[in-house]
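The structure appears below as C-alpha cells.
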Amino acid sequence: MTTTTITTTTTTTTITKGKPSTFYETFERKAGKDKLTTHYCPGCGHGRVHKLVAEALEEMGLGDRTIFISPVGCSVFAYYYMNTGNVQAPHGRAPAVGTGLARARQDSIVISYQGDGDLAAIGTAEIVHAANRGENMTVFFINNAIYGMTGGQMAPTTMVGQKTLTSPYGRDAATEGYPMRMSELIATLEAPVYVERVSCTDVKNIHKCRKAIRKALQLQVERKGFSFVEILSTCPTNWKMNPQDSIKWIQEVMEPYYKPGVYKDKTAEAKPLPKSAPITDPDELRRILGLEKGKTEAKTRASIGERRIKIAGFGGQGALTAGAMLATAGMNEGLQVTWLPSYGPEMRGGTANCSVIISDKRIGSPLVMRPDVLIAMNRPSLDAFEQEVAPGGMIIVNSSMIDRKVSRSDIKAVYVPFTELAAGLGLKAAANTVAVGAFLAQEPLFDRERIFEVLRTSFKKKEAVETNIRAVDEGFNFGRT
Amino acid sequence: MKKELIKGNEAVVKAAILAGCTHYFGYPITPASEIAQAAAHFFPLIGGTFVQAESEVAAINMVYGAASAGRRTMTASSGPGLSLKQEGISYLAGAELPSVIVDVMRAGPGLGNIWPEQGDYNQMVKGGGHGNYKNIVLAPNSAQEMCDFTILAFELSDHYRCTAVVLTDGSIGQTMEPVEFPDHVKPAPAKDWAVRGDAETRKNLVSSIYMSTETLRALNERLQKKYAEIEAREQRWEDYRDDDAELVIVAYGVTSRVAENAIEELRRKGLKVGMLRPKTLFPFPKKRLQELAAGRVRRFLVAEMSNGQMIDDVKLAIEHKKPVDFYGTYGGKLPAVEEIVDAVETAYNRQS
C-alpha cells in the first residue's frame, strides 16, 4: 500500500493506493471458488464506499477496534471484505444491534452500514431512535434509490416517476408518497452530532465523501456520539444503465432532490459521552442490591396452620402495605408467606386489594379466593368480598368508613374504627397499621414486636416509627375488646 | 443471604446482576414492567447498561448486539411483546448467541388482558420464529425459583450458546415471597467467539447467514445435536406426592401451585393423586413421565391456563400409553382449587 498526500486550500488528505489492511486481500468467507472479486456488480457504489471506509480505518489506526455491522441488502456480505470485527444484523435492525455493541464495548468503533430499504423502510424506528439517543456509533447510509439485493424493487428513496419492479409505471407520489430525505429528518433531532449528505460520483465528490467518512469516525473516536453520512450511490444493474450514465443520473436526478451538504455539525460544542465499567466485586454487588449476609432461621414453634387473608381498601389507604407488613413479619418469624396484589387498571381509583397467606407449611396458590380473614378498609371492599369469606371465617371492618354491619351470620365480625384511631394519633395515614394491630389481636400468629421490627426498617424518621407502633397498639387493644 | 420478601419480577433483576448480567434492554408491558423498573434502578448503579428501547423488536436486537460483544445480557416482556421479539430470537438461535429472556405471561390472544395465563407455551417452547431452533425454557413457580432459574438460565445459555427463557406468568411475577439469594454464583465462561472490538477478536464474525446449502445444513445439524444433548442432560422436574399416585397431574407455573391445594383436598378424600411439575419445558421431562407411565399411574391430567398446549408434549412423552385428560382455563383467571378437584375426581373415576 502506498500513500499520497493531497493538500487543497482547506484540507489535507492522505489517499491510499492499493488495498488497506482493513480490507481483506482474499475473501475467504465468500462462498464459491472466486475469492478475489467482490460480489458487487460493475459500477456499483458499494465497492467504492467500502474502500473509502477501509482506508479511513487503516489510516486512523482503528482496524483492531472496529466492529462493522453488515445489514440486509446488497451489503449483507460486507463481512467478506472488512478486516475488522464483524457482526451481521437482521433487516433494518443494525442501529439497535449497534446500540447493544456500543454499550457493551465502549472502546470499540461501531459502524452501521445500511442501504435505503434497510434504513429508511423496515428499520425506520431503529435508526431514528439510535440517532435520538445519540449512540456513539457511525452510520453510513447508502442511498441508491432502489432495492438492490432483491432485484430492483421500489425503495422509500426511489424518485417520483422512477420505474422499478414494484413501481412498474413509475413511482406515483399520490399513492406511494415522496422519496424520503433521511439526512434532513435525522438532522431535526437534538442528539446527532454530525449529519452530512455526499455524492460518490466524480473525483471531487469522492474526495468530499472521504472527508465525511473520516470526520464521522473521528467524532466516534472522541466519543462525541452519533454521526450520520448519507452517500448517494450508483446501482447500474437495477437502474438498467451503464456506469457512466448512472453517475450522470445521480448528478442530474438525485442531487437536485437530495442536496449534498452538511445538515448538522455540533463538533465544536459536543462533549465526550461518559463511560462506565461494570462492577465485578461480588461483595460490592451485594451491597448495591441491598442483600443482607446471614441466614433467616426457621424456628421450631407451635403449629399455626394456614391463614388466608384478604386486605382491601381504596388506593392510598395502605391495604397493600398492611399486607406486606404482615408477610414480612411472618417471614422473619420463620413462617411461609406469600403476598399477591391486585394489579393493573383496576387499581386506579378503584379498590386495591392483596392476598396474604401465612402458613407453617409450603403454600399452594398465592391467590386467596376464599379468605379466612377479610380486612375491609372501605365500604366497596366489604360489598365486594363479604360473600367470598370462608364459612367460620372473620371480617375486620373499618367502622370509621363503613356504615353497615356484616350481613352473614356464619362468620365473625369485628368492628374497629381504623381511621378514627389513626387520626387520634395525628396520623390518618396509619389506618393500615391500626388494622394490622386489630388483626393480631384476633389472630396472634406472632408477637407484635415482629411488626415493630418491620416498622423500624421501613420508616427513616423515628417519629413515624413511634406513631405507627402506637397505631398498632391502638388497633390491638381495640381489637381485643 | 438473609431472606428478602420480594416480587418474583424484582428477584429476576437481582439474580441477573449476581449472575454477572451487565446489560438490560427492554420495553414496558404489564405484568412484566417491574423487571424493567428494577433494571432501570440497579443497572446504572452497578456500572451496567439499562436501555428502554423504542420497541420490543429493537430491545431484542440490542440484546443481539450486547451478546455478540460477549456480555451477559437480557430482556423481559409478556405475550404481545414476545410475539414481536420472535424475529430476533430466531437470529439469536442462528448466530448461536447466549441470551436470557423472561416472559411473564398474560392472557391472549391479541391485546387480551393483563392477568395471568399460560398461552405463550407454544411460541416459547416450540420455537416461535422461523427456522429449526429451540430455546431452553425454564418454568419457575415461586419467587425463589424466579431467582434460581434466572441464574440457571444464564449458565445454561452460555454453556450451550442458545437463548434461555424463564417462562412464568403474571401471578408468579407479581407475588412477593421470601427469597434467599445465593452466596456464590459461577462466573461466566470465556467467550473466544465474541466480537469485542479488540485485536484478539478482530477475526471473529457473528452471523446467521450461510450462503451455501452445505454450510447451512451443517449449522442445522449442529443445532439439532445440541438440542439432543440438552434433552439428554437438562431435564428438570419436581415430583409432588406422585410415588404412590394412580392419577398424576402435570402442571407448571402458578397452575402447579393451585394443583398442590387440589392434591391436598383430593388426598383428604382418599384419592391417590400426585403431581409431576416440569421445571424445564424444553427439555421436557420425558424420562420421568415415561417412568410414571410404565408404573402404577392409571391416567394423567394436564392442567394449564391455556387451550392445552403442554398436553401435546405429555402425550408424546408417554407415547399415548395412558389416557391423558385436560383441564384448562382462559381469560386471565386462575383456576379455583375446586375446579381442579372436580376435574381430577371425574377423571379418576373414569374406567377407560
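These figures come from a predicted structure and were not determined experimentally.
- Using a 4.5 Å cut-off on side-chain heavy atoms (C-beta onward), A/P95 and A/E135 make no contact.
- When B/E4, B/R196, B/E200 are compared by the number of non-hydrogen pairs under 4.5 Å with chain A, B/R196 comes out ahead.
- The candidate from B/D198, B/T201, B/V195 with the greatest count of non-hydrogen atom pairs under 4.5 Å with chain A is B/V195.
- Of the atoms belonging to B/V258, heavy atoms from both backbone and side chain fall under 4.5 Å from chain A.
- Only the side chain of A/L285 comes within contact range of chain B, judged by heavy atoms closer than 4.5 Å.
- Ranked by heavy-atom pairs under 4.5 Å with chain A, the first of B/K3, B/M1, B/E87 is B/M1.
- Neither the backbone nor the side chain of B/N141 comes within contact range of chain A; no heavy atom of the residue lies under 4.5 Å from a heavy atom of that chain.
- Of the atoms belonging to A/A277, it is backbone heavy atoms, and not side-chain ones, that fall under 4.5 Å from chain B.
- Looking at A/A324, the atoms closer than 4.5 Å to chain B (heavy atoms on both sides) sit in the backbone and in the side chain alike.
- Between B/L97 and B/S68 there is a side-chain heavy-atom pair separated by less than 4.5 Å.
- Of the listed residues (B/V51, B/V63, B/T255, B/I172), the greatest number of heavy-atom pairs within a distance under 4.5 Å of chain A belongs to B/V51.
- Between A/Y80 and A/H39, the two ring planes are perpendicular [angle over 60°; tilted spans 30° to 60°].
- Both the backbone and the side chain of A/P90 come within contact range of chain B, each with at least one heavy atom under 4.5 Å from a heavy atom of that chain.
- Within the 4.5 angstrom heavy-atom criterion, no atom of A/F68 approaches chain B.
- Interatomic distance, CZ of B/R72 versus CD1 of B/I17, reported as 13.5 Å (0.5 Å rounding).
- One side chain, A/S112 or A/Q114, offers a donor N or O that lies under 3.5 Å from an acceptor on the other.
- Taking chain B as the reference chain and counting heavy-atom pairs below 4.5 Å, the highest number among A/L367, A/T99, A/T84 is found for A/T84.
- By the 30° and 60° cut-offs, the orientation of the rings of B/Y91 relative to B/Y64 is perpendicular.
- With respect to the salt-bridge test (charged N to carboxylate O, under 4.0 angstrom), the residues B/E339 and B/K333 qualify.
- Both the backbone and the side chain of A/I363 come within contact range of chain B, with heavy atoms under 4.5 Å apart.
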